[in-house]
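Worksheet: one structure, shown below.
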Amino acid sequence: RHIPADIDALISGLRPLQMKGYLPLEDFSKAVISLMENTLLPEDGKGVMVALRPVPGLSARQSITLCHQRRFGDVMTVAQNRLFLFLSTCRINDLDTALKFIFRLPVSEAFSNWVVWHQDVDITIQIKRLAQNIELTQSAIKHVKTAAKKTAVVFEEEQTEERRQPIPFTLLSREPKE
Ligand code: C2E
Ligand code: C2E
């Protein structure tokens, strides 16, 4: 049976990124921009981009090792001491679910805040800002303080738990019968 040649082109157009994981900034930007320009993919449904700021003491580069992207089309890079992830076809409401699968640690333990873009035009503008090294504005940053506080409270509770007192007991309190 004859299969039209453009079927292959159509399929590869629908699953365009045959890559996953870390990419240098320039390659990451090219890959994401090529997705945004792909008219075969639904408008504003191509994926989510998120920029995570690591907690003090952890560099964005180090945080790469915590991130295990499994889905083809999920890519990441480092810029402005943030870990930038692009999560292919992920919906904004599923971001927490996706991050939970992707990171070994709870996200709020490794990152103090993050910024999310999910519309094509916003993702494209942000990629262009990265190329010009324009820093993110403070107002765009979503803080995750509540999550961090919860962790701290649990930790305190663990710390204040009463110490178990040793209870004396005697071995062989009775003489064994012969
Ligand atoms: P893929 O999309 O590149 O995903 C590779 C692996 O990442 C998956 O291997 C799975 O371990 C993990 N993964 C990706 N997305 C998700 C997700 O939304 N939830 C969960 N729990 N895990 C996810 P797996 O399962 O062996 O699948 C291999 C390939 O089969 C996938 O490659 C994808 O091309 C296809 N596939 C499997 N299940 C589905 C599905 O429900 N929908 C779609 N559209 N494709 C699927
Ligand atoms: P789920 O595993 O609970 O994931 C819910 C949604 O979270 C997914 O919706 C997707 O939007 C996002 N998500 C989860 N993990 C990843 C990820 O590794 N990368 C990205 N980019 N997004 C992720 P979606 O794609 O509509 O999938 C719905 C459900 O279908 C998933 O629920 C899962 O049960 C199943 N599924 C989808 N793809 C795969 C796959 O490749 N392998 C397996 N085993 N299951 C899959």
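One-based numbering, in listed order, for ligands and for the atoms of each.
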* When the aromatic ring centroids of Tyr22 and Phe28 are compared, is their separation below 6.0 Å? -> no

Identify the protein atoms, limited to N or O, that lie within less than 3.5 Å of an N or O atom of ligand 1, and list each pair with its distance to 0.1 Å.
{"from": "ligand 1", "atom 1": "3 (O)", "to": "Phe72", "atom 2": "N", "distance (Å)": "2.7"}
{"from": "ligand 1", "atom 1": "15 (N)", "to": "Arg71", "atom 2": "NE", "distance (Å)": "3.0"}
{"from": "ligand 1", "atom 1": "15 (N)", "to": "Arg71", "atom 2": "NH2", "distance (Å)": "3.2"}
{"from": "ligand 1", "atom 1": "18 (O)", "to": "Arg71", "atom 2": "NH2", "distance (Å)": "2.9"}
{"from": "ligand 1", "atom 1": "22 (N)", "to": "Arg70", "atom 2": "NH1", "distance (Å)": "3.4"}
{"from": "ligand 1", "atom 1": "34 (O)", "to": "Arg15", "atom 2": "NH1", "distance (Å)": "3.0"}

* Any chance CZ of Arg70 has more than 12 other-residue heavy atoms, nucleotides or ligands included, within less than 6.0 Å? -> yes

* Out of curiosity, Met36 CE to Leu41 CG, how far, rounded to the nearest 0.5 Å? -> 8.5 Å

* Glu43, CD: over 12 other non-hydrogen atoms inside 6.0 angstrom -> no

* Asked: Taking only heavy atoms of Arg91, which atoms of ligand 2 are found under 4.0 Å from at least one of them?
  -> 9 (O), 11 (O), 24 (P), 26 (O)

* To do: Provide the closest heavy-atom pair for Glu109 versus Val55 in the form atom of the first, atom of the second, distance.
  => O-CG1, 3.6 Å

* Asked: Partners of Arg71 by side chain to side chain contact (heavy atoms under 4.5 Å, CB included), sequence neighbours excluded?
  -> Asp74, Thr89

